[in-house]
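Quick caveat, the model's predicted, so the values are computed rather than measured.
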Amino acid sequence: MKAIILAGGKGERLSPLTSNCPKGMIKIEGKPILEYQIEWLKKYGVTEIIFACGYLHEKIKEHFRDGDNFGIKVFYSVEDEPLGRGGAIKKALSIQHSAFSSFLVMNGDVLTEMNLSLAINAHNLEKKDKNIIATICLFPYKSPYGIVRVEKDGLINNFDEKGALPYWLNGGIYIFEAEIKKYLPDKGDHETTTFPELASKKLLYGYKSIDFWRGIDTIKDLNEFLVT
């Protein structure tokens, strides 16, 4: 299976760490975020990765090269100008080194231990039953603050420190069929263009996972991850 990793953002909210380093190359315990992603993807049979990159893409190339040192084939789709994530996926799909009917896409700032096999199996079942062409992996939305649970009489019942809320968030991990290319914009974000259209046509599925997931988007996210 092929995977596209969206690694083109500047990561401005992680400044100054990203002043001379793309977001995905920030190191956690001596290893870049992107390297953790490759290790996770390999566990589930991914054999080819395309980095959709732009900002300081040379840093990514210098580290991963052709992927031989990491036991995987690595290719690069470099944007001359920002295309947005949807445009970046579409451009990366033009690199057809091998044929795949379905493929993975993930944001380059995500760390997870999700069982990807279960997500792929769910996607394939929904594809067979409902002809869906895209699956978004969803994760529980955790409150950034402690929650106070109050009885009807006003007495406090319990405290829930940053507990899960009754919502699911987009985890930035997707399973797509090749057919999705015609729905992707040349320039723009797939979350505001492609996904609403697919949802309106009942072609979009949400797979819920309670496995570990963390997005590294700010210094606070990074610090909290290092603490946990």
Give a yes or no on whether [X] and [Y] share a hydrophobic cluster (residues Ile, Leu, Val, Met, Phe, Trp, Tyr; joining criterion: side-chain heavy atoms under 4.5 Å apart).
X	Y	answer
L104	L125	no
F51	V46	yes
I216	L56	no
M25	Y55	no
Y167	Y207	yes

Problem set entry | Criterion ring-ring contact (aromatic ring centres under 6.0 Å, His included) on H123 and Y174, from CA distance to verdict | CA-CA 10 Å; H123 170 85; Y174 315 111; over 10 Å; no

Exercise. Are F195 and H190 close enough, and set up right, to give a ring-ring contact (aromatic ring centres under 6.0 Å, His included), and what steps lead you there?
Worked result: CA-CA 6 Å; F195 286 170; H190 59 287; 5.1 Å; yes

Within the distance-only criterion (no hydrogens, no angle test), does the side chain of [X] pair as donor or acceptor with the backbone N or O of [Y] below 3.5 angstrom?
X	Y	answer
E126	G206	no
W213	V110	no
Y76	D66	no
T194	Y183	yes
W168	C137	no

Distance in Å, [X] [atom1] paired with [Y] [atom2], rounded so as to fall on 0.5 Å steps:
X	Y	atom1	atom2	result
N157	D153	CG	CG	9.5 Å
N121	N115	CG	CG	8.5 Å
L165	S143	CG	OG	5.0 Å
I147	N158	CD1	CG	10.5 Å
L198	T135	CG	OG1	10.5 Å

Exercise. Which of parallel (below 30°), tilted (30 to 60°) and perpendicular (above 60°) describes H63 and F70?
Worked result: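 Tilted: the ring planes of H63 and F70 meet at 30° to 60°.
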
For the [atom1] atom on [X], are there more than 12 heavy atoms of other groups (residues, nucleotides or ligands in this structure) within a distance under 6.0 Å?
X	atom1	result
D129	CG	yes
I210	CD1	no
K31	NZ	yes

Exercise. Which of these, I4, L83, L184, sits in a side-chain contact (heavy atoms from CB on, under 4.5 Å) with K91?
Worked result: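 By the side-chain contact (heavy atoms from CB on, under 4.5 Å) criterion, K91 pairs with just one of I4, L83, L184: L83.
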
For this session: Identify the residue among T192, D189, T193 that makes a side-chain contact (heavy atoms from CB on, under 4.5 Å) with R85.
Result: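 Among T192, D189, T193, the one that satisfies the side-chain contact (heavy atoms from CB on, under 4.5 Å) with R85 is D189.
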
Could you check whether any side-chain heavy atom of [X] comes within less than 4.5 Å of a side-chain heavy atom of [Y], counting everything from C-beta outward?
X	Y	answer
N170	E191	yes
D109	L6	no
I173	W40	yes
L138	I136	yes
K142	L169	no
I133	F176	no
Q37	I5	yes

Exercise. Given the rule in the side-chain contact (heavy atoms from CB on, under 4.5 Å) test, do L41 and M106 qualify, once you have shown the distances and angles that lead to the verdict?
Worked result: CA-CA 10 Å; L41 290 167; M106 69 184 302; 4.0 Å; yes

Where is the tightest heavy-atom contact between [X] and [Y], given as atom of each residue plus distance?
X	Y	result
M1	I120	SD-CD1, 4.0 Å
V74	G67	CG2-CA, 3.6 Å
E79	G84	OE1-N, 4.4 Å
K42	I72	CG-CD1, 3.7 Å
I60	C53	CD1-CB, 4.1 Å
N20	K59	O-CE, 3.4 Å

Using a strict 4.0 Å threshold on nitrogen-to-oxygen distance, state whether [X] and [Y] make a salt bridge.
X	Y	result
K201	E197	yes
E35	K27	no
K23	D217	yes
K90	D186	yes

Exercise. Is the NZ or CZ atom of K208 both under 6.0 Å from the centre of the six-membered ring of F139 and within 45° of that ring's axis?
Worked result: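 Ring-cation test returns no.
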
Exercise. Stepwise, does the side-chain contact (heavy atoms from CB on, under 4.5 Å) test hold for Y44 with M114?
Worked result: CA-CA 10 Å; Y44 295 99; M114 182 186 74; over 6 Å; no

